[in-house]
There are 2 protein chains.
Amino acid sequence: MSNLIKNVPPFDLKNVLLPESSTPNHLDISNIRSSCATCSLRELCLPVGLNESEIQELGDLVSHKRKIQRGGYLHRTGATFQMLFAIRSGFLKTCVLEEDGRQQVTGFHMTGELLGLDAISTDKHTCDAIALEDSEVCEIPFVKLEEISRSVPSLMHQFHKVMSREIVKDHGVMLLLGSMKAEERLATFLLNLSRRFSIRGYSSSDFNLRMTREEIGSYLGLKLETVSRAFSKLQDEQIIVVDNKHIQINDIERLRTKMGNSSCLT
Amino acid sequence: MSNLIKNVPPFDLKNVLLPESSTPNHLDISNIRSSCATCSLRELCLPVGLNESEIQELGDLVSHKRKIQRGGYLHRTGATFQMLFAIRSGFLKTCVLEEDGRQQVTGFHMTGELLGLDAISTDKHTCDAIALEDSEVCEIPFVKLEEISRSVPSLMHQFHKVMSREIVKDHGVMLLLGSMKAEERLATFLLNLSRRFSIRGYSSSDFNLRMTREEIGSYLGLKLETVSRAFSKLQDEQIIVVDNKHIQINDIERLRTKMGNSSCLT
DNA sequence: CGGGCTGTTGATCAATTTCAACGCTCGTGG
DNA sequence: CCACGAGCGTTGAAATTGATCAACAGCCCG
């Protein structure tokens with residue numbers, strides 16, 4: 001097992017506290033302490049819908065950043081829960097390990113998304129979170145988040161929305177797993193990635209997958225060979241072009257018709 | 001479509017406000033206004049872990065009860081979200097309707113469980129909730145719940161736990177749908193029901209299903225015929241006895257081995 | 001009593017998994 | 001610098017699982 005925990009020290013040198021006044025308008029994000037007020041992800045992450053002073057309060061919470069190398073663990077199943085993690089950059093998967101050794105991928109996560117919500121229920125993480133590329137996360141002490149949200153109702157409400165959205169998303173995946181065929185699942189998956197890349201300013205029709213066929217298969221409830229075949233089929237139909245991990249969507253409309261019952265995909 | 005909304009008037013006659021002092025120690029639950037403090041479901045529902053005065057505050061929120069007849073809707077997809085619902089008695093299913101008409105059951109819900117969490121994200125319900133037997137729910141105005149939880153931290157925390165548990169549960173279902181075979185799925189499903197009945201004081205080995213084979217199939221990602229065959233197979237192996245909706249578990253240990261990777265089922 | 005709904009079972013069919021072979025890329029060590 | 005093995009991906013053929021189609025039985029209710 002080569003995936004050891006890559007513990008970046010709690011205080012990254014780049015995160016030394018600088019007086020607020022010393023941060024000019026033009027910001028070099030790697031040289032200031034992490035703060036929601038200056039984070040380019042404000043519109044994606046927890047600060048959505050908060051005003052400046054509320055964001056400041058939230059930002060005061062989030063003084064630590066943590067880097068995880070590709071293949072490293074952000075957290076492991078059973079580990080004590082203290083922090084939520086907001087993804088600042090990178091790409092991670094979460095997966096539950098079964099007793100018999102197999103693993104089921106429960107999600108792929110990108111910039112601006114929140115990890116660790118599952119752990120609130122028992123104060124233990126219920127899944128592994130593993131970086132699929134070098135990643136960086138903000139650590140949000142959960143106890144303090146609850147504390148602050150008492151005085152910032154809109155933060156509390158935003159947090160509830162985020163949790164609720166997670167539930168809705170999972171229902172979408174249940175639908176996919178419960179009622180779609182292989183090709184429909186893959187189409188849905190690609191469209192979902194496409195949309196999420198697009199929201200983040202990347203091309204919606206041209207991107208690189210960060211995960212293996214096996215990981216896609218695990219997420220979609222398929223074997224890796226089936227995933228591979230489904231890719232080939234979509235390529236034969238000239239809907240996409242596949243070059244290993246590089247995907248190009250040629251005909252997004254036709255891809256949409258492949259998934260059949262459109263609506264559910266978050 | 002015979003399932004119209006069965007709107008019980010907001011104030012049930014049984015729920016007329018009686019002075020607190022007039023409720024003696026021995027309570028006839030049907031004759032007092034609904035209150036978490038006196039509800040026999042305290043240990044299952046939102047009040048878990050709260051002290052008396054905190055429960056009182058929560059209880060003051062929950063002045064309405066609502067009855068839903070078998071087949072009636074508690075809420076429909078797209079309806080405006082205002083209330084969470086705590087199930088007081090009965091049995092409901094939630095399901096998402098696809099454009100093409102099919103429906104996917106996303107959950108079966110019993111006494112003490114909370115419905116409506118998915119709706120927080122968009123202020124619209126994202127699924128239908130339908131009673132599988134005559135049911136009664138407490139209505140919890142969500143705005144007020146957030147308000148009160150500002151001053152009752154343990155209520156807020158408990159609520160977060162409930163939401164988190166929902167996420168963990170969904171991950172369990174994803175695992176089931178993504179990696180189990182028909183028989184494993186049914187075994188998992190039966191064991192889950194068994195445990196939930198048992199927690200509520202009913203027999204863990206002898207119970208009646210409230211849902212049809214088709215609904216089970218939808219939930220488990222199988223066709224109703226497959227569900228029926230899986231039941232028959234488990235019966236042939238003398239692990240259970242099936243008499244239509246009545247299920248008797250003879251050998252719970254062997255049923256557990258059927259599901260293989262035990263752990264995940266909430 | 002008949003019709004609709006639910007559930008069971010059999011036979012066949014289709015989709016996915018499994019098993020197997022092979023190609024490509026990348027990093028390491030001779 | 002090349003050889004080699006590991007990991008990842010593709011593809012084919014066979015095996016398995018579950019879906020589909022179809023018949024029928026039981027039950028409830030009008």
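In the text below, chain A, chain B and the rest are named by the order of the sequence lines, each starting its count at 1.
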- Task: Starting from P on D:dG18, measure out to CG on B:Leu222 and report it in whole angstrom.
- Result: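 One finds 7 Å between P of D:dG18 and CG of B:Leu222, rounded.
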- Query: Can you list every salt bridge (charged side-chain N to carboxylate O under 4.0 Å, His left out) pair that touches residues 205-214 of chain B, not counting sequence neighbours?
  - Reply: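 Qualifying pairs: B:Glu133-B:Arg210.
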- Query: Which residue pairs pass the salt bridge (charged side-chain N to carboxylate O under 4.0 Å, His left out) test with at least one member in residues 240-250 of chain B, sequence neighbours excluded?
  - Reply: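 Pairs touching residues 240-250 of chain B that pass the test: none.
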- Task: Please list, in 5' to 3' order, the outermost nucleotides of DNA chain C lying under 4.0 Å from any heavy atom of chain A.
- Result: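 Listing 5' to 3', DNA chain C meets chain A from C:dT16 to C:dC19.
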- Task: Would you indicate what A:Gly221 reaches in the nucleic acid, counting non-hydrogen atoms under 4.0 angstrom: base, sugar-phosphate, or nothing?
- Result: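 Since only primed, P, OP1 and OP2 atoms lie under 4.0 Å of A:Gly221, the category is sugar-phosphate.
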- Item | Within residues 229-239 of chain A or reaching into it, pairs that qualify as side chain to side chain donor-acceptor pair (under 3.5 Å) - sequence neighbours excluded |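 Only A:Glu183-A:Lys233, A:Glu237-A:Lys258 qualify under side chain to side chain donor-acceptor pair (under 3.5 Å).
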- Note on the structure: Protein-proximity profile, nucleotides 4-13 of chain D, B/S/- by nucleotide at the 4.0 Å heavy-atom cutoff, equals ----SSBBBB
- Item | Those residues that, when tested against B:Phe231, pass ring-ring contact (aromatic ring centres under 6.0 Å, His included) (two or more places apart) |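 B:Phe231: no ring-ring contact (aromatic ring centres under 6.0 Å, His included) contacts found.
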- Item | salt bridge (Lys or Arg N to Asp or Glu O under 4.0 Å) involving B:Asp134 - partner list, sequence neighbours excluded |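 B:Asp134: no salt bridge (Lys or Arg N to Asp or Glu O under 4.0 Å) contacts found.
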- List in chain and number order the residues that pass side chain to side chain contact (heavy atoms under 4.5 Å, CB included) with A:Met83, two or more places apart in sequence or in another chain; answer none if no residue qualifies.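 Once residues adjacent in sequence are excluded, the partners of A:Met83 under the side chain to side chain contact (heavy atoms under 4.5 Å, CB included) criterion are A:Phe85, A:Glu139, A:Pro141.
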- Quick one: side-chain hydrogen bond (donor to acceptor under 3.5 Å, both in side chains) partners of B:Asp251, sequence neighbours excluded?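 Counting only residues at least two positions away or on another chain, B:Asp251 forms a side-chain hydrogen bond (donor to acceptor under 3.5 Å, both in side chains) with B:Arg254.
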- Query: Which atom names give the shortest non-hydrogen contact between B:Ser121 and A:Arg165, and what distance separates them?
  - Reply: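 So the two residues come closest at CB-N, 3.6 Å.
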